[in-house]
Trainee: 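First, the structure itself, so that you have it in front of you.
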Protein chains: 2
Amino acid sequence: MAQRVTLSDVARAAGVGMATVSRAMGDHPDVSSSTRERIRAVAHELGYRPSVAARALRSGGFRAISVIVPDNQWGWWEPVAHACVETAAEAGYQVLVHPVGGGEGGLAGAIDGLSNVPTEGVIVISVPDQKSVREACDRIGIPGVAIDDSSADICFPSISADNYAGAREVIEHLIETGRSRVVFVRPRLSGGAPVWGDAFYLQERERAYRDVLAEAGLEIDESLIIDTAFDETAPGCPELGELLDRDVAVDAIFCSFDQLAATVLRELAARGLRVPEDIAVAGFDDERTAVLVTPQLTTARQPYAEMGRTAADLLLQSLAETAPPVRRYEFPTQLVVRASTVSTPRLQ
Amino acid sequence: MAQRVTLSDVARAAGVGMATVSRAMGDHPDVSSSTRERIRAVAHELGYRPSVAARALRSGGFRAISVIVPDNQWGWWEPVAHACVETAAEAGYQVLVHPVGGGEGGLAGAIDGLSNVPTEGVIVISVPDQKSVREACDRIGIPGVAIDDSSADICFPSISADNYAGAREVIEHLIETGRSRVVFVRPRLSGGAPVWGDAFYLQERERAYRDVLAEAGLEIDESLIIDTAFDETAPGCPELGELLDRDVAVDAIFCSFDQLAATVLRELAARGLRVPEDIAVAGFDDERTAVLVTPQLTTARQPYAEMGRTAADLLLQSLAETAPPVRRYEFPTQLVVRASTVSTPRLQ
DNA sequence: TTGTAGGCGTTATCAG
DNA sequence: CTGATAACGCCTACAA
């Protein structure tokens with residue numbers, strides 16, 4: 001670019017002082033509308049554009065917050081980010097979204113990188129280890145909020161769905177529609193990521209599974225709890241296959257999250273088992289998978305938009321010097337009944 | 001927060017001048033390592049953190065670029081954004097991702113909003129109208145690059161897949177595997193969005209359809225070109241249903257993009273038609289839909305990562321004052337053969 | 001090797 | 001209503 005056009009350039013050209021130009025450009029009351037118009041015309045003519053940096057330096061802040069999203073998973077977080085953007089915009093804040101993969105220092109490394117970014121706070125989504133992220137935030141001195149149901153121990157105000165209640169609803173639905181021998185499918189820890197297997201949401205959903213079955217007077221058969229690779233593109237689910245080979249009485253499958261259902265359904269189809277006539281299948285999240293698979297999936301819908309809105313609200317609150325308490329903020333899910341559990345979906 | 005700790009605070013506390021502190025914090029050669037260590041210790045002690053704003057003001061730039069992504073569609077653009085992040089990082093740039101919906105001024109409005117954001121350039125993805133976006137970029141004075149195969153007329157260096165060649169490959173594959181009566185499914189323009197129907201990529205894919213059929217000596221039957229609502233959650237595809245009711249000879253369906261295949265496959269399943277035995281189905285994009293539907297979809301894979309990398313490269317080039325020419329940069333797609341067209345997928 | 005001083009472009013505070 | 005002037009926090013000649 002040529003040369004930056006500054007306030008004083010405009011001032012000189014318009015034959016007024018810098019202060020007047022500044023007032024004219026911002027909508028200050030203390031300028032006569034005639035001079036304001038004249039100055040604006042000159043500014044436009046010269047192609048004047050205010051310097052974000054100078055303004056931020058002077059007024060101490062960029063009015064921007066960051067959202068760090070996992071870039072290794074499908075975009076379930078998009079509605080979350082969208083809600084953050086909306087909410088922040090209402091408060092005059094910009095939102096910067098940073099997709100961060102597993103590599104190079106992970107989340108904590110990414111946060112350290114934020115020290116070079118004009119941002120005043122951060123919302124982290126899906127955190128494997130809140131402690132290190134918390135330390136990174138403290139290091140660069142910005143407040144944080146988490147949208148995260150993976151961490152059992154939390155160091156941030158943490159927003160999540162009510163996994164226990166939501167899973168209860170799904171499993172109760174299975175029982176109510178006459179199922180009694182329910183498989184629970186968990187993701188298998190891949191390689192060196194033991195953290196994942198301890199994910200809080202998995203624990204909660206499993207707890208719901210055990211509780212509901214017990215309350216229904218059903219015995220908990222540990223052989224019905226299986227672990228499978230997390231790869232929605234796989235042609236089938238061998239662990240489920242083995243189970244079905246030796247246990248024909250299975251009449252329902254609860255996948256700990258929707259994405260596991262893709263391979264489960266393929267395995268059932270390959271064996272000529274009809275869903276839901278022979279076996280009902282349900283998931284959790286109401287993620288895109290749920291509507292794309294055949295048949296479409298009964299599941300618990302997470303209120304992503306509301307969760308995003310709350311995250312932004314809490315963070316903005318932190319910036320306004322009233323740090324919200326570090327606790328879990330849980331949101332109820334909604335049971336969505338589709339063709340994978342009942343032949344004629346009845347809505348409730 | 002209390003009070004900002006500045007360079008001069010550190011200088012005073014360490015009993016040196018500001019310049020020395022500045023040099024010690026950056027890795028300047030002209031400081032004795034002993035003072036450097038001492039100063040760093042003091043700085044750490046005081047919790048000193050450099051001001052992004054002041055630094056940017058002083059050195060004229062934030063070293064950040066923006067990527068504007070559509071937030072009303074599923075995240076097919078994620079690999080694109082990821083590649084942009086990687087590429088930018090290599091050049092020492094941060095990437096800010098801005099999800100933008102259709103509302104409030106649309107893309108052009110979003111770009112205007114960037115004038116308050118510390119960013120030096122912008123990559124726009126999936127642009128309905130390049131002209132207005134171009135004007136917005138000029139207005140706020142930043143260079144842009146588009147990843148976009150919707151606009152027939154371009155005002156940015158525009159990156160896209162080679163839609164014509166890619167679609168040719170898919171349709172040729174259908175012909176080669178013995179199909180001859182091929183339906184072409186297009187999205188119906190919804191409400192007041194005529195721009196969409198003229199999308200360049202649709203024209204190109206349709207042109208390929210017509211050319212390949214003609215070259216194969218097949219007559220083009222206009223009744224085989226149908227428009228359907230674009231809603232992947234719909235239970236079926238009525239337009240296809242009507243066609244099948246009156247034309248039983250159909251033996252293949254080419255969906256102008258993968259997402260249309262979801263309802264198409266449901267329609268076929270509901271009618272008891274087997275895929276691929278009775279009818280083959282193929283799409284375009286190799287988007288997530290392709291692996292989630294049953295059966296999995298033969299399609300043309302767009303090289304999203306490479307496209308993102310190129311976009312970032314071109315933009316960084318613009319920033320380095322060598323504006324790349326405004327033309328279309330096309331990337332070849334790759335035919336991915338799956339179970340929706342051949343019973344035993346043969347890879348090629 | 002270290003310190004001093006000036007300026008990056010704004011906005012806010014004063015006088016006029 | 002308008003104009004001069006002083007910060008905001010950092011970097012970098014230039015001088016010591």
Side-chain angles (χ1 to χ4, degrees), chain A residues 1-40 42-43 46-64 92 115-120 140-141, chain B residues 1-40 42-43 46-63 92 115-120 140-142:
Chain A
M1 341 178 187
Q3 256 309 330
R4 186 171 193 76
V5 180
T6 74
L7 261 194
S8 63
D9 292 330
V10 178
R12 195 162 344 105
V16 295
M18 282 173 49
T20 310
V21 179
S22 176
R23 283 189 278 251
M25 298 310 291
D27 276 314
H28 268 72
D30 293 345
V31 209
S32 73
S33 54
S34 62
T35 44
R36 174 166 55 237
E37 290 318 315
R38 188 165 51 85
I39 289 174
R40 288 203 173 169
V42 174
L46 265 52
Y48 167 73
R49 289 175 307 103
S51 149
V52 189
R55 180 175 293 171
L57 174 59
R58 175 64 235 221
S59 353
F62 287 95
R63 299 187 76 75
S115 57
N116 301 314
V117 174
T119 196
E120 300 179 15
I140 70 169
Chain B
M1 342 178 187
Q3 258 307 331
R4 186 172 194 77
V5 179
T6 74
L7 261 194
S8 63
D9 292 330
V10 178
R12 196 165 340 106
V16 296
M18 283 174 47
T20 312
V21 179
S22 176
R23 284 188 277 252
M25 298 310 292
D27 275 313
H28 267 73
D30 293 345
V31 209
S32 73
S33 54
S34 63
T35 43
R36 173 166 54 238
E37 290 318 315
R38 188 166 50 85
I39 289 174
R40 288 203 173 170
V42 174
L46 265 51
Y48 167 73
R49 290 175 306 105
S51 148
V52 188
R55 182 174 291 172
L57 174 59
R58 171 69 230 223
S59 355
F62 287 94
R63 297 188 79 75
S115 57
N116 301 314
V117 173
T119 195
E120 301 179 15
I140 70 168
I142 61 177

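Sequence lines set the chain letters: A, B, ... in the order given, protein chains first and strands last, and positions in each chain run from 1.
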Trainee: With the side chain of A:Val31 defined as its heavy atoms from C-beta on, choose the nearest nucleotide among D:dC10, C:dG9, D:dT2.
Mentor: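 That would be D:dT2.
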
Trainee: How many whole angstroms separate atom CZ of A:Phe62 from atom P of C:dT10?
Mentor: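 Nearest whole value for this atom pair: 14 Å.
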
Trainee: With a 4.0 Å cutoff (strictly under), does any side-chain N or O of B:Ser8 reach OP1 or OP2 of D:dC10?
Mentor: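 Looking at the OP1 and OP2 atoms of D:dC10, neither is under 4.0 Å from any side-chain N or O of B:Ser8.
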
Trainee: How many Å lie between CG on B:Leu46 and C1' on D:dG9, as a whole number?
Mentor: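 Nearest whole value for this atom pair: 15 Å.
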
Trainee: Between atom CE in B:Met25 and atom C1' in D:dC10, what is the gap in whole Å?
Mentor: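 Distance check: B:Met25 CE to D:dC10 C1' gives 12 Å.
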
Trainee: Compare every heavy atom of B:Ala11 with every heavy atom of B:Val21, then report the nearest pair and how far apart it is.
Mentor: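 The pair with the smallest heavy-atom distance is CG2-CA, 3.6 Å.
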
Trainee: Measure across B:Pro118 and A:Pro118 and return the closest heavy-atom pair with its distance rounded to 0.1 Å.
Mentor: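 Distance-wise, the nearest heavy atoms are CG-CG, 2.9 Å.
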
Trainee: If you assign B:Thr20 and B:Ala54 each to the DNA chain C nucleotide with the nearest heavy atom, which residue ends up on the more 5' nucleotide?
Mentor: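 First, find each residue's nearest nucleotide; the 5'-ward one identifies B:Thr20.
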
Trainee: How close or far is atom P of D:dG3 from atom CG of A:Asp30, stated in whole angstroms?
Mentor: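 Rounded to the whole Å, the gap is 13 Å.
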
Trainee: Side chain of A:Ser32 only, heavy atoms from C-beta on: which candidate in C:dT1, C:dT11, D:dT2 is closest?
Mentor: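 Comparing C:dT1, C:dT11, D:dT2 against the side chain of A:Ser32, the answer is D:dT2.
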
Trainee: What is the distance, rounded to the nearest whole Å, between atom CD1 of B:Ile39 and atom P of C:dT1?
Mentor: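 In whole Å, C:dT1 P and B:Ile39 CD1 are 13 Å from each other.
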
Trainee: Which atom pairs link the protein and nucleotides 12-16 of chain C when you take only N or O atoms and keep those under 3.5 Å?
Mentor:
none

Trainee: Specify the separation, in whole Å, of atom CG of A:Asn116 and atom P of D:dC10.
Mentor: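 Distance, rounded to whole Å: 13 Å.
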
Trainee: Which whole-number value in Å describes the distance from A:Leu7 CG to D:dG3 C1'?
Mentor: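 Answer to the nearest Å: 14 Å.
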
Trainee: Taking the side chain as C-beta and beyond, is there a heavy-atom pair between B:Thr6 and B:Met18 under 4.5 Å?
Mentor: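 B:Thr6 vs B:Met18: side chains apart.
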
Trainee: Roughly how many Å is it from CG in A:Leu57 to C1' in C:dT10, rounded to a whole number?
Mentor: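 Whole-Å distance recorded here is 8 Å.
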
Trainee: Give the minimum heavy-atom separation between B:Ser51 and B:Ala54, together with the two atoms involved.
Mentor: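 Nearest heavy atoms, B:Ser51 then B:Ala54: OG-N, 2.9 Å.
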
Trainee: Is any side-chain heavy atom of B:Tyr48 less than 4.5 Å from a side-chain heavy atom of B:Leu7?
Mentor: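 Side-chain contact under 4.5 Å: yes.
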
Trainee: Tell me which of A:Ser51 and B:Arg38 sits closer to the 5' end of DNA chain C, going by the nucleotide each one is nearest to.
Mentor: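 Nearer the 5' end of the strand: B:Arg38.
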
Trainee: Kindly give the heavy-atom pair with the smallest separation between A:Val52 and B:Val117, and that separation in Å.
Mentor: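 For A:Val52 and B:Val117, the tightest heavy-atom pair comes out as CG2-O, 3.9 Å.
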
Trainee: So, for A:Glu120 and A:Arg63, which heavy atoms are closest and what is the spacing to 0.1 Å?
Mentor: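 Closest heavy-atom pair between A:Glu120 and A:Arg63: OE2-N, 2.7 Å.
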
